[in-house]
Amino acid sequence: MKQGNAVLSGLGTTVFESMSRLAAEHRAVNLGQGFPDDKGPEDMLRIAADAVVDGWNQYPSMMGVPELRQAVARHENRFYGLDVDWQREVMVTSGATEALAGALLALIEPGDEVILFQPMYDAYAPLVRRAGGVPRYVTLTPPDWRLDIAAVKAAVGPATKAILFNNPLNPAARVFGEPELRDLADLVVVNDLFAICDEVYEHIVFDGRRHIPLITLPGMRERTIKIGSAGKTFSLTGWKVGYITAAPELLSILAKAHQYLTFTTPPGLQTAVAHGLEKDDGYFDGLAQEMQRRRDRLTEGLRRTGFTVLPCEGTYFVNIDLSDAASVDDVTYCRRMTEEAGVTSIPVSAFCPENPVTTVARFCFAKQDRVLDEAVDRLARWRDSMG
Ligand code: PMP
Ligand code: GLN
């Protein structure tokens, strides 16, 4: 028998799927996979339902329905002051994941190097490799996960084509601020790189922080692909509606990848997301405030239980430092936590392809209060039982 593709056949099942399966097996409270247990905004659900029943359900334009592309352009202007031409600079994708895959397929030639910052979303390295690229890792370390620009410089070489940068960063829960972003943008410009920016958590930032898209920094407008997702911004992760903002020359290549990947995205969902992006500031502020409240609730509970909780500036996630709680690595610890305590988290080593950090576990706090409280109670009982 011939073999299938070496990159894909060499991969395991994603950590989200395997930890969710383990959680179900042990009836654990699942704070592993990152998704909110809210229904999502009622008005958007209604618009989508009406659009499916009464509207057009055939292929929409491959670039996305005009309403949504216009809404994305207005969103980029309203929140970040960007001047975006919706017809030449916006494309709708089937989730941020398709946007990431398409961007890599569109930009990478075999052997091109791509700078990745670990810990990172687990799809990145396989997507780079499957596109023929070679990942070069820059490691951020807890507790502050700072971007060491000297380490980025050291990773850049003649074959470097792009950086793939996630801000706010899953799983480290960092929101990179102006000084780090300036250094990074300078480096990207000086080395003539592309920046693929995964900003799906752009509206989930806490304590008065402001998300700054890398595309807004000097010299970045022409070389950056900014990716957003309705999944995170409207707590509708199953919809898989994503959007790209990029300069026309870049977007036209990305469109070629998109036309042969998914071509389009369900029209009714696009219409509802267009409506969502036009919501007033109260919605966006409310989302951040509500997620911050849940962060605080879980953080306080974990601290009361005796865990060392790392700072969380944004995203759905808080991390605990296991270095003094456990004599085992994070994978073993998270497995035991599911089996013995009935609470599931994700070992952060799963987000590090090279020399992984093995002392951190990630919890998703985008859950109802009673779910968070139940998880904390179970963890307290588990810690007590260990004496
Ligand atoms: N990037 C990051 C950092 C994520 O955490 C996720 C997933 N939740 C995605 C991309 C994928 O987004 P989507 O569901 O829109 O494909
Ligand atoms: N992005 C989500 C997380 O980090 C999970 C996405 C998925 O399950 N594929 O948990």
Side-chain angles (χ1 to χ4, degrees), residues 11-24 30-37 40 64 68 72 91-104 116-128 140 145 163-176 196-205 211 213-214 225-245 258 261-262 265-266 269-270 273 276-277 291 312-319 334 344-352 360-367:
L11 296 173
T13 304
T14 84
V15 70
F16 307 116
E17 186 72 21
S18 58
M19 290 310 284
S20 287
R21 278 187 213 156
L22 193 68
N30 188 0
L31 304 186
Q33 193 175 23
F35 63 92
D37 59 1
L68 177 53
V72 170
M91 183 169 72
V92 178
T93 57
S94 293
T97 309
E98 195 226 335
L100 288 161
L104 291 164
L116 302 177
F117 302 84
Q118 60 168 14
M120 70 193 142
Y121 187 46
D122 73 335
Y124 293 178
L127 289 176
V128 168
L140 312 185
W145 313 101
I163 65 164
L164 200 176
F165 184 60
N166 175 214
N167 183 30
L169 179 61
N170 170 17
R174 275 237 45 214
V175 177
F176 296 98
I196 303 169
C197 292
D198 176 347
E199 303 188 1
V200 298
Y201 297 101
E202 61 190 328
H203 290 291
I204 307 179
V205 300
H211 169 67
L214 200 61
I225 294 158
K226 177 180 184 291
I227 298 171
S229 172
K232 316 296 168 183
T233 296
F234 302 106
S235 303
L236 294 164
T237 58
W239 278 19
K240 299 296 276 192
V241 178
Y243 23 86
I244 295 176
T245 303
H258 170 69
L261 274 174
T262 61
T265 300
L269 302 184
Q270 293 195 50
V273 171
L277 286 173
M291 289 300 170
C312 164
E313 302 171 342
T315 74
Y316 287 160
F317 309 108
V318 281
N319 293 297
C334 290
T344 297
S345 57
I346 303 273
V348 163
S349 61
F351 300 97
C352 307
V360 180
R362 188 197 82 171
F363 292 83
C364 174
F365 54 74
K367 306 290 178 190

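Both ligands and their constituent atoms are indexed starting at 1 by order of listing. What you see is a predicted model, and the numbers here were worked out from it, not measured in a lab.
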Inset, instruction - Compute the shortest N/O to N/O distance between Lys240 and ligand 1 and return yes if it is under 3.5 Å, no if not. - result: yes
Legend entry - Under 4.0 Å to a heavy atom of Asn166 - the qualifying atoms of ligand 1, by number: 3 (C)
Legend entry - Side chain, backbone, both or neither: the part of Ser229 lying under 4.0 Å from ligand 1 by heavy atom: side chain
Legend entry - ligand 1 contact on Thr97 by region, counting heavy-atom pairs under 4.0 Å: both
Inset, instruction - Would you please test Leu100 and Asp198 for side chain to side chain contact (heavy atoms under 4.5 Å, CB included) and show each step? - result: CA-CA 8 Å; Leu100 288 161; Asp198 176 347; 3.8 Å; yes
Legend entry - Nearest candidate to atom 1 (N) of ligand 1, where distance is taken over non-hydrogen atoms, out of Asp198, Val200, Ile227: Asp198
Inset, instruction - Taking Arg362 for its side chain and Gly32 for its backbone only, find out whether a donor-acceptor pair lies under 3.5 Å. - result: yes
Inset, instruction - Find the distance between CE (Met291) and OG (Ser235) and round it off to the nearest 0.5 Å. - result: 4.0 Å
Inset, instruction - Measure the spacing between NE2 of His211 and NE2 of His203 and express it to the nearest 0.5 Å. - result: 8.0 Å
Inset, instruction - Heavy-atom cut-off of under 4.0 Å around ligand 2: list whichever protein residues fall inside it, by chain and number. - result: Phe16, Gln33, Gly34, Tyr121, Asn170, Lys232, Phe317, Arg362
Inset, instruction - Could you go through the side chain to side chain contact (heavy atoms under 4.5 Å, CB included) check for Ile346 and Phe317 one step at a time? - result: CA-CA 10 Å; Ile346 303 273; Phe317 309 108; over 6 Å; no
Inset, instruction - Could you tell me the separation between the OG1 atom of Thr315 and the CZ atom of Phe365, rounded to the nearest 0.5 Å? - result: 5.5 Å
Inset, instruction - Apply side chain to side chain contact (heavy atoms under 4.5 Å, CB included) to the pair Ile227 and Ile196, showing each step before the final yes or no. - result: CA-CA 8 Å; Ile227 298 171; Ile196 303 169; 3.9 Å; yes
Inset, instruction - Pick one of side chain, backbone, both or neither for how Glu98 approaches ligand 1, counting any non-hydrogen atom pair under 4.0 Å. - result: neither
Inset, instruction - Would you tell me which option among Gly238, Pro168, Cys364, Ala96 has the nearest heavy-atom contact to atom 13 (P) of ligand 1? - result: Ala96
Legend entry - Atom indices of ligand 1 within 4.0 angstrom of Gly95 heavy atoms, with elements: 15 (O), 16 (O)
Inset, instruction - Please state which part of Tyr201 comes within less than 4.0 Å of ligand 1, counting heavy atoms only: side chain, backbone, both or neither. - result: side chain
Legend entry - Top protein contact for atom 6 (C) of ligand 1, by heavy-atom distance: Tyr121 CZ, 3.6 Å
Legend entry - Atoms in ligand 1 flagged as close to Lys232, the criterion being non-hydrogen separation under 4.0 Å: 6 (C), 7 (C), 8 (N)
Inset, instruction - Look up atom SG in Cys312 and atom CZ in Phe363, then write down how far apart they are to the nearest 0.5 Å. - result: 13.0 Å
Inset, instruction - Kindly indicate whether a cation-pi arrangement holds for Lys232 with Phe35, taking the cut-offs as under 6.0 Å to the six-membered ring centre and within 45° of the axis. - result: no
Inset, instruction - Please state whether the rings of Phe117 and Phe165 are parallel, tilted or perpendicular, taking 30° and 60° as the class boundaries. - result: perpendicular
Legend entry - Criterion side chain to side chain contact (heavy atoms under 4.5 Å, CB included) on Leu236 and Val273, from CA distance to verdict: CA-CA 10 Å; Leu236 294 164; Val273 171; 5.7 Å; no
